[in-house]
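Only one structure is covered here, and it is reproduced in the block below.
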2 protein chains.
Amino acid sequence: MLSLTEENYLKAIYHLSDDGSKSVLTNDLAAAMNTKAASVTDMIKKLSAKTVISYEKYYGVNVTSKGKNEALMVIRKHRLWETFLVEKLGFSWDEVHEVAEQLEHINSTRLIEKLDEFLGFPKVDPHGDPIPDNKGKLKIMPMVAIDQLNIGYQGKIAAVKDSDSQLLKYLDKIGAKPGTKLKILNKEAYDESMEVLINDHRIFISKEVSQNILVVE
Amino acid sequence: MLSLTEENYLKAIYHLSDDGSKSVLTNDLAAAMNTKAASVTDMIKKLSAKTVISYEKYYGVNVTSKGKNEALMVIRKHRLWETFLVEKLGFSWDEVHEVAEQLEHINSTRLIEKLDEFLGFPKVDPHGDPIPDNKGKLKIMPMVAIDQLNIGYQGKIAAVKDSDSQLLKYLDKIGAKPGTKLKILNKEAYDESMEVLINDHRIFISKEVSQNILVVE
DNA sequence: AAATATTTTTAGGCTGACCTAAAAATTATA
DNA sequence: TATAATTTTTAGGTCAGCCTAAAAATATTT
Ligand SMILES: [Mn+2]
Ligand SMILES: [Mn+2]
Ligand SMILES: [Mn+2]
Ligand SMILES: [Mn+2]
């Protein structure tokens with residue numbers, strides 16, 4: 001059993017490791033968790049003792065398969081709750097993250113199964129992020145941010161980065177949500193700003209924005 | 001701001017004080033919280049410093065009006081979540097308490113307002129307990145357990161005690177839920193068992209059970 | 001009103017999750 | 001390859017929430 005704090009650390013490690021594919025450095029984790037490196041070292045030892053990560057002194061940490069599964073269960077809960085807040089309670093997608101950060105730690109298998117069913121077994125959350133199934137299986141779609149793509153690209157928005165609430169408000173305003181049609185009309189070499197067609201509306205977006213709109217590769 | 005632990009202590013104090021009407025002794029609180037008296041004394045000092053209770057050494061604690069309000073907001077959340085679990089997720093009424101004990105600590109005014117609306121502003125929870133409004137106003141109905149009533153009494157079940165999950169399962173089986181018609185047919189003087197009509201079904205119940213079925217006085 | 005029993009508080013310690021400052025290991029640079 | 005810079009760990013301390021054992025206050029008996 002992990003404490004709330006341990007769950008948050010493990011989730012951060014999982015994300016920083018790109019879904020478990022690379023090792024995570026102490027300082028990066030400290031930055032992500034808004035703590036000091038010394039605190040991270042303390043926690044790393046505890047998580048290591050609980051066999052959810054493996055740890056080689058001075059060379060960073062890796063999630064074990066057990067840890068990966070536990071991280072995915074927390075992520076599952078987070079994304080199901082976000083979906084509930086938007087679909088059932090009428091939250092907008094920029095308001096859900098903070099609350100989901102709390103709800104993801106509620107401990108009840110029955111609750112999360114019932115919630116999943118109530119929501120109609122959604123595959124993605126409001127930001128387009130995939131929801132792991134109850135076995136911890138995650139359908140990973142390889143995605144690119146549209147700032148990496150060229151003029152003429154056409155496709156559908158698959159997801160948006162859900163980190164910043166102000167950004168989400170703006171994306172909402174310009175209609176950039178998962179499922180929406182998108183075409184790249186022009187790209188300015190100087191600042192990498194773009195002219196795009198979102199749902200047949202012509203709009204100019206900065207690189208800062210285009211980095212946060214994802215499509216399936 | 002109260003911590004999760006402080007919220008739980010305050011709620012227990014509120015309940016043990018009969019909704020704030022009498023003072024609560026250290027040992028009783030220790031028993032309710034499953035801790036030791038020394039730990040209770042520590043916590044009492046903290047809650048007192050936060051002005052949610054008043055405390056006279058050796059003579060127990062009383063909730064202040066601020067404390068009463070904060071306790072009622074936690075109770076409001078608890079009962080709204082229980083209602084959600086039963087009405088929307090299909091939990092049975094004997095399964096909800098544990099989960100609601102966790103959910104009641106989620107901190108988001110917006111969430112609880114939206115949830116209230118989503119549930120259609122319910123007045124009582126699945127066990128018949130009244131749900132405080134968003135101002136902390138509680139509609140107190142004076143209730144009696146039916147073991148206190150005489151042969152011939154007729155009325156409707158208003159609430160049941162929600163402490164024991166096994167009892168709730170049994171009450172469910174015999175159809176004793178809030179809103180159901182009830183009539184007392186007979187009472188055995190020796191062990192205070194009763195013969196009652198619940199929803200027109202004749203049934204015998206022990207005093208242990210009748211103590212937990214409440215009607216409006 | 002003393003003596004005894006009970007309740008409550010104080011004293012001192014532990015653990016989890018944090019911190020700062022100093023030491024150790026690694027990496028980069030001259 | 002020695003020196004400097006950076007990263008990470010260790011050492012030692014704080015605070016919340018718990019504990020046991022002892023002391024103090026209150027309540028009950030005789
Ligand atoms: Mn989120
Ligand atoms: Mn999301
Ligand atoms: Mn309950
Ligand atoms: Mn209830």
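Convention: sequence-line order gives letters A, B, ...; per-chain numbering from 1.
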Original post:
Hey, what's the ring geometry for W93(B) with H127(B), parallel, tilted or perpendicular (30° and 60° as the breaks)?
Top reply: parallel
**OP:** Would you mind reading off the distance between M43(A) atom CE and dG16(C) atom P, rounded to a whole angstrom?
**Re:** 10 Å
**OP:** Mind calculating the distance between OH (Y59(B)) and C1' (dT6(C)) to the nearest angstrom?
**Re:** 13 Å
**OP:** Check whether any side-chain N or O of S3(B) sits under 4.0 Å from OP1 or OP2 of dA16(D), and answer yes or no.
**Re:** no
**OP:** Check whether any side-chain N or O of K45(A) sits under 4.0 Å from OP1 or OP2 of dT10(D), and answer yes or no.
**Re:** yes
**OP:** Please check if any side-chain donor atom of S21(B) sits under 3.5 Å from a side-chain acceptor atom of D19(B), or the reverse.
**Re:** no
Original post:
Rounded to whole angstroms, how far apart are CD1 on I44(B) and C1' on dC18(D)?
Top reply: 15 Å
Original post:
Within less than 4.0 Å of OP1 or OP2 of dT8(D), is there a side-chain N or O belonging to K57(A)?
Top reply: no
Original post:
So, the side chain of K77(A) versus the backbone of I106(A): is there a donor-acceptor pair under 3.5 Å, distance only?
Top reply: yes
**OP:** May I ask you to decide if the ring planes of W81(B) and W81(A) are parallel, tilted or perpendicular, using 30° and 60° as cut-offs?
**Re:** perpendicular
**OP:** Determine whether the side chains of D125(A) and H78(A) contain a donor N or O and an acceptor N or O closer than 3.5 Å.
**Re:** no
**OP:** Measure from CD on E56(B) to P on dT8(C) and round the result to the nearest Å.
**Re:** 13 Å
**OP:** Using a cut-off of strictly less than 4.0 Å, decide whether T26(B) has a side-chain nitrogen or oxygen near OP1 or OP2 of dT7(C).
**Re:** no
**OP:** Mind calculating the distance between NZ (K36(B)) and C1' (dA11(C)) to the nearest angstrom?
**Re:** 17 Å
**OP:** Give the rounded distance in Å between these two atoms: CE of M1(B) and P of dC15(D).
**Re:** 21 Å
Original post:
When you measure from the side chain of T35(B), which nucleotide among dC19(D), dA21(C), dT9(C) comes out closest?
Top reply: dC19(D)
Original post:
T41(B) side chain N/O closer than 4.0 Å to the phosphate oxygens (OP1, OP2) of dT9(C)?
Top reply: yes
Original post:
Does Y58(B) or D42(A) map to a spot on DNA chain C nearer the 5' end, using the closest nucleotide for each?
Top reply: Y58(B)
Original post:
Could you give the CD-to-C1' distance, from E6(A) to dG16(C), as a whole number of Å?
Top reply: 9 Å
Subject >> Whole angstrom value for the distance that separates P of dC18(C) from CE of M33(A) >> reply: 7 Å
Subject >> dC18(C) OP1/OP2 closer than 4.0 Å to side-chain N/O of Y9(A) >> reply: yes
Original post:
Side-chain N or O of N27(A) less than 4.0 angstrom from OP1 or OP2 on dT6(D)?
Top reply: no
